[in-house]
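Accompanying notes for the structure given below.
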Protein chains: 2
Amino acid sequence: MVSPFETDLKWETLLKYGTRQFVKRKTAIYKQETMGEGFYYLHKGLVKIVTSTFKGKDRLVNIVVPGQIMGLQTMDQQPHFTTAIAVKNAVIYHFSCKQFLETLKVQPELLPLLTQTINQKMRILLTAISMKALTSEEQIARLLLNICEDFKNHEVPLTQQELADCAGLTRITVYKILKVWKESGIIEIKNRTFIVKRPDMLQPPHLTACTTHPV
Amino acid sequence: MVSPFETDLKWETLLKYGTRQFVKRKTAIYKQETMGEGFYYLHKGLVKIVTSTFKGKDRLVNIVVPGQIMGLQTMDQQPHFTTAIAVKNAVIYHFSCKQFLETLKVQPELLPLLTQTINQKMRILLTAISMKALTSEEQIARLLLNICEDFKNHEVPLTQQELADCAGLTRITVYKILKVWKESGIIEIKNRTFIVKRPDMLQPPHLTACTTHPV
DNA sequence: GAAATCATGTTAATTAGTTTACAGATACCA
DNA sequence: TGGTATCTGTAAACTAATTAACATGATTTC
């Protein structure tokens, strides 16, 4: 699931404590089950957070946009329970947990920032769970809307497979739905990126009219 | 989802800062969308954490057993995004966020306790998401195993409907699966509580043999 | 610039799970 | 103690989504 919430947190002020790293597209920043010695701030680029489910199928749980934090799980000396992969070349800052905890002691006003960030992640997960009560069509509609909001423009830099992984559906299902939307002019597909032309048509009340089945 | 993890956190040492409350069965401790001024420690009883999904269907996201914390969302001055309902008469301790943050300033060694607790909740949510990759039969199997582990005995104090709400399935589906398991002696149902007789049979490799469909 | 890899387009068959509907059992309350 | 409410048992029909399979088009990569 993609964050339906704004990022107005101020991690930027802490960048001086972090070490900058450059990450190439398709490279993992951290991997599920491995131990990490800190967390990351995304400065530029785009990162997807995936989790390998029981059957080995990946599930895309979160898309991290610049200004956001990832990998906080290691604050707890626990292995990562997700994998972070750059979908665009990225610039990240790494923070050591130990050092962050030290900083926190002298600057306790940072704590709200931490709890806010964690709560946001928690909400994202909970939203992903709630989404399962919707039809696949509604799920993908909300997904696209959230992504659009995140990117401020209406381009969606995800493949059909990734969209499917977001919602826990198959690529075929996603394809069928997108096809209908393409035909009715809600979205446009040109060289492998979607552009949402009519976000209003993806809003809940409008959706019922669209059926995923041929007449 | 029910916690698959142990609780060896030491919130008990902080009880002196909390105010004790008694909660009757079927009563809400806090409600989704309402503002809360603190979080809760469950001392005795049993509490289910539900979230109202988009279609109004409830989803049971977590079962809180004694020794655990609930309602941490309000640390962030945000409304609760879940509802907590006692399923057994409960004794809880309420902590004011403000006061807890003050305590944290003088006792920074409490921070790991907080991050551990939050991480645990996060893991629970993520597990619930991952479960969707499994068949409904496997989901319910894992659910029962987790619940058994949580309660240290093999009795499951949930209705079929609640099990269904845990997994995001319908009661009929749950019923069908339980029926097969009952017939093959894996579980026993007497006056509305399940007892898991053969937890081993619910382990992944064994499960494939059981079909939910009549021969 | 050719080969290999990856992403999309499309169909048909299958199936798992939902919906609906109702009867019987058990608990609760007052 | 009776009545209401809640929970379980069960069947049949339906449908949405999956699986499987293959063809075409677009990028990487060497």
Side-chain angles (χ1 to χ4, degrees), chain A residues 24-27 53 55-60 85 87-89 131-141 156-183 187-194 207-208 210-215, chain B residues 24-27 53 55-60 85 87-89 131-141 156-183 187-194 207-208 210-215:
Chain A
K24 278 222 180 95
R25 201 163 94 83
K26 294 194 179 177
T27 318
T53 62
K55 285 261 166 81
K57 293 176 193 166
D58 277 356
R59 188 75 198 264
L60 204 166
I85 297 169
V87 291
K88 288 186 191 170
N89 291 340
M131 295 268 278
K132 276 284 121 181
L134 300 173
T135 65
S136 37
E137 198 182 26
E138 291 165 322
Q139 284 180 65
I140 296 174
V156 181
L158 297 178
T159 66
Q160 287 185 4
Q161 184 58 59
E162 281 170 323
L163 279 179
D165 289 345
C166 271
L169 300 168
T170 54
R171 205 204 96 227
I172 318 305
T173 308
V174 171
Y175 156 73
K176 282 182 194 163
I177 292 167
L178 290 183
K179 190 187 175 189
V180 177
W181 289 349
K182 189 169 55 176
E183 281 161 8
I187 61 167
E188 203 181 287
I189 302 178
K190 60 173 188 191
N191 56 305
R192 292 195 192 176
T193 36
F194 319 92
L207 215 60
T208 40
C210 315
T211 164
T212 56
H213 287 274
V215 192
Chain B
K24 277 223 178 96
R25 201 163 96 81
K26 293 193 180 179
T27 317
T53 63
K55 285 262 165 79
K57 292 175 194 167
D58 277 356
R59 187 75 198 264
L60 204 166
I85 297 169
V87 291
K88 285 187 191 172
N89 292 340
M131 294 269 278
K132 276 284 120 182
L134 300 173
T135 65
S136 39
E137 198 183 25
E138 291 165 322
Q139 284 180 64
I140 297 174
V156 182
L158 297 178
T159 65
Q160 287 185 3
Q161 185 58 59
E162 281 170 323
L163 278 180
D165 289 345
C166 272
L169 300 168
T170 53
R171 191 190 60 92
I172 317 304
T173 308
V174 172
Y175 155 73
K176 281 181 194 164
I177 293 166
L178 290 183
K179 190 187 175 189
V180 176
W181 288 350
K182 189 169 56 177
E183 281 161 7
I187 60 166
E188 204 181 286
I189 302 178
K190 61 174 190 191
N191 56 305
R192 293 193 191 177
T193 37
F194 319 92
L207 215 60
T208 39
C210 313
T211 165
T212 56
H213 288 273
V215 194

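So you know, we letter chains A, B, ... as the sequences are listed, proteins then strands, and number each from 1.
- Taking atom CD on A:Glu183 and atom C1' on C:dG9, their separation rounds to 12 Å, with Å as the unit.
- Expressed to the nearest 0.5 Å, how far CD1 of B:Ile140 lies from OG1 of B:Thr173 amounts to 7.0 Å.
- Atom CD1 of A:Ile172 and atom C1' of C:dT8 are 10 Å apart (whole Å).
- Under the salt bridge (Lys or Arg N to Asp or Glu O under 4.0 Å) criterion, B:Lys55 pairs with A:Glu138, sequence neighbours left out.
- The side chain of B:Thr170 places an N or O atom within less than 4.0 Å of a non-bridging phosphate oxygen (OP1 or OP2) of C:dT18.
- Distance A:Lys176 NZ to C:dA12 P: 11 Å, rounded to the nearest Å.
- Spacing between atom CZ of B:Arg171 and atom P of C:dC22 amounts to 15 Å, rounded to whole angstrom units.
- Between B:Ile177 and B:Ser136 the shortest side-chain heavy-atom distance falls below 4.5 Å.
- Checking A:Gln160, A:Lys182, A:Glu188 one by one against A:Phe194, the side-chain contact (heavy atoms from CB on, under 4.5 Å) holds for a single residue, A:Gln160.
- Rounded to whole Å, atom P of D:dC7 lies 15 Å from atom CG of B:Leu178.
- If you measure from atom CD1 of B:Ile187 to atom P of D:dT8, you get 11 Å, rounded to the nearest angstrom.
- Each end of the helix from C:dG1-D:dC30 to C:dA30-D:dT1 yields a helix axis from five base pairs, and these two axes differ in direction by 70° (to the nearest 10 degrees).
- Nearer the 5' end of DNA chain D, as judged by each residue's closest nucleotide, is the contact made by B:Tyr175, out of B:Tyr175 and A:Val174.
- Put simply, CD on B:Gln161 is 17 Å from C1' on C:dA25, counting in whole angstrom units.
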Below 3.5 Å is the cut-off: list the nitrogen or oxygen pairs between protein and nucleotides 26-30 of chain C, distance only.
| residue | atom | partner | partner atom | Å |
| --- | --- | --- | --- | --- |
| C:dT26 | O2 | B:Arg192 | NH2 | 3.2 |
| C:dC28 | OP1 | B:Arg25 | NH2 | 3.1 |

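- The two atoms that bring B:Ala133 and A:Thr53 nearest to each other are CB-OG1, 3.2 Å, heavy atoms only.
- Looking at B:Leu178 and B:Trp181, their side chains come closer than 4.5 Å, going by heavy atoms from C-beta outward.
- A distance of 9.5 Å separates CG in B:Leu169 from CG in B:Leu163, rounded to the nearest 0.5 Å.
- A distance of 12.5 Å separates CD1 of A:Ile187 from NZ of A:Lys179, quoted to the nearest 0.5 Å.
- For the pair A:Lys57 NZ and D:dT18 P, the interatomic distance rounds to 8 Å; values are reported in whole Å.
- The shortest distance between the side-chain N/O atoms of B:Thr173 and the OP1/OP2 oxygens of C:dG17 is not below 4.0 Å.
- With hydrogens and angles ignored, the 3.5 Å screen pairs no side-chain donor or acceptor of B:Lys26 with any backbone N or O of B:Lys88.
- You'll find that the side chain of B:Gln160 is closest to D:dG9, out of D:dG9, C:dG9, C:dT18.
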